[in-house]
Amino acid sequence: MTILATSNKAPEDPQVHRVLLGKQQILVSEDEPLLPQLERAGVTIEYQCREGYCSSCAIKLLWGKVEYPVEPLAWIHSGAMLACCAIVKSDIEIGFF
Amino acid sequence: MSYSTFNRKKFDSLQEPMFFGENVNVARYDQQKHPIFEKLIEKQLSFFWRPEEVDLSNDRKDFLKLEVHEQHIFLSNLKYQTLLDSVQGRSPNVALLPIVSLPELETWIETWSFSETIHSRSYTHIIRNIVNDPTKVFDDIIVNDEIAKRAISVSKYYDDLIELVNLYNTLGLGVHHVPERGDVTVSMHSLKKALYLTVASVNVLEAIRFYVSFACSFAFAERTLMEGNAKIIKLIARDEALHLNGTQHMMNLMALGRDDPEMAKIAEECKDDVINIFVEAAQQEKDWAKYLFKDGSMIGLNAQILGQYVEYITNVRMQAVGLEAQFETKNNPIPWINAWLVSDNVQVAPQEAEITSYLVGQIDNDLDGADFDDFGDL
Ligand code: FES
Ligand SMILES: [Fe+2]
Ligand SMILES: [Fe+2]
């Protein structure tokens, strides 16, 4: 199942990436962080500050590349990512703790 | 070694561990071993707020309309929060300042503890505004069994550390006989262990213990009741999210050997104890939820749902310090709470109706509609 979380971009756009979550595949853009895009696709993720300092939105990043436009204050464990402030930069696979 | 308020030694503070190295001398931030702590200071300062900015006159009316068992829920939570912030307003200073070795961390500890004193003052602001006799509410904190039980758990690790550090600073390392207490071993190992357990227990205090109370405050506000209170709780929750970041960093830096290599061994050794601190606190919070709802639940919340939330949030917090989740609950049973906990819609701005005063002075809120006529069809 593929859900398009980006509003007006086509899957072949280089700025659009696949996010694998279990059996789901969600297309996201580089225009905004992962969290709001997952929410629009109907995926519930824990959050609190949405600003990178509370670590509530930490999820597993199994493979792939994400970037943080501003370095978040929260600790990021290896193999994890902060959904609220990470920009997806390649196809990625994520999971919950 | 006794504490010195201005260590005369010349040393490179970049080589010092967070704790139990040299006492800090120059409060300088031009070079930092762990810059995260200065970032936390800046963020905390940007969050500055004053309880008096939030008007609670509607809360008074709401409180009188609440059912008796709802008043019990509301006041009990405030009492418990008052206890927690009484501890937090002093203990980071008393326990950690004598042993801290980095200027940026020293200042973070002071900034952190200062923000807790704002929380304490906000409870007086709330209680004064909703009941006729605040004395009764505050006096009960010390005699109420349910709160007293929790007071022991939240202060125990701090007190153990403070005792050991006092002995260390006056008598040095060794086995010391303490009247009414027996022989106490003061070693770098026992000191560092007491420190690690204290940081873990403070993380639990700020990252888990407040949340039952937060949930109740926001559940009232979902029914448009006690909204001034909810506004204050939002500001407190925003501060607490920073505080838990601080203790998470301390724990992770220690456990991953990125600070004092010996702390990494101690963290490993204390792992089961730390897991127990989390699990026990979760149990106490679930018991607290039962006590709150003993005479009746409130719309949208009951002891069972709150218990699941405690388990859920405990899992989230454990994972943040690299520990395995201990509870089965995988989903947030009250996802609506996050919309209240999010920081971007916390606005303390003078134009808001509920706010009667502002930092720079009184604002006249009683402008007549006619005063705006000049603005035309806005
Ligand atoms: S929601 Fe707080 S760090 Fe992402
Ligand atoms: Fe606090
Ligand atoms: Fe706090």
message: Would you say that A:Thr44 contacts B:Asn331 through its side chain, given a criterion of any heavy-atom pair below 4.5 Å between the two side chains?
response: no
field: Enclosure of B:Gln304 CD (heavy-atom neighbours >12, cutoff 6.0 Å)
entry: no
- prompt: For B:Glu269, does the CD atom sit with more than 12 other heavy atoms under 6.0 Å from it, leaving out its own atoms?
  reply: yes
field: Separation of A:Cys54 SG from B:Arg317 CZ (nearest 0.5 Å)
entry: 6.5 Å
query: Are B:Asn338 and A:Glu46 close enough that a side-chain donor and a side-chain acceptor fall under 3.5 Å?
result: yes
statement: Smallest heavy-atom separation, A:His77 atom then B:Gly322 atom, equals NE2-N, 3.6 Å
task: Go through B:Arg238 and A:Cys49 one step at a time and tell me if the side-chain contact (heavy atoms from CB on, under 4.5 Å) criterion holds.
output: CA-CA 7 Å; B:Arg238 183 177 69 168; A:Cys49 69; over 6 Å; no
field: Side-chain (B:Asn252) to main-chain (A:Trp75) donor-acceptor, under 3.5 angstrom
entry: no
field: Closest-packed option against chain A by number of heavy-atom pairs under 4.5 Å, given B:Lys39, B:Glu240, B:His249
entry: B:His249
- line: Counting heavy-atom pairs under 4.5 Å with chain B, the top scorer among A:Tyr47, A:Phe96, A:Phe97 is A:Tyr47
message: So that I can tick it off, tell me whether A:Glu51 and B:Lys43 are bridged by a salt bridge, with the cut-off set at under 4.0 angstrom between side-chain N and carboxylate O.
response: yes
- request: Enter the distance from A:Leu73:CG to B:Ile36:CD1 here, rounded to the nearest 0.5 Å.
  value: 4.5 Å
query: Checking B:Ala325 against chain A: side chain, backbone, both or neither under 4.5 Å from a heavy atom?
result: neither
- prompt: Side chain, backbone, both or neither: which part of B:Leu256 has a heavy atom under 4.5 Å from chain A?
  reply: side chain
- request: Kindly compute the distance separating CD (A:Gln48) from CZ (B:Phe214), expressed to the nearest 0.5 Å.
  value: 8.0 Å
- prompt: Does A:Tyr53 offer a backbone N or O that forms a donor-acceptor pair with the side chain of B:Asn245 under 3.5 Å?
  reply: yes
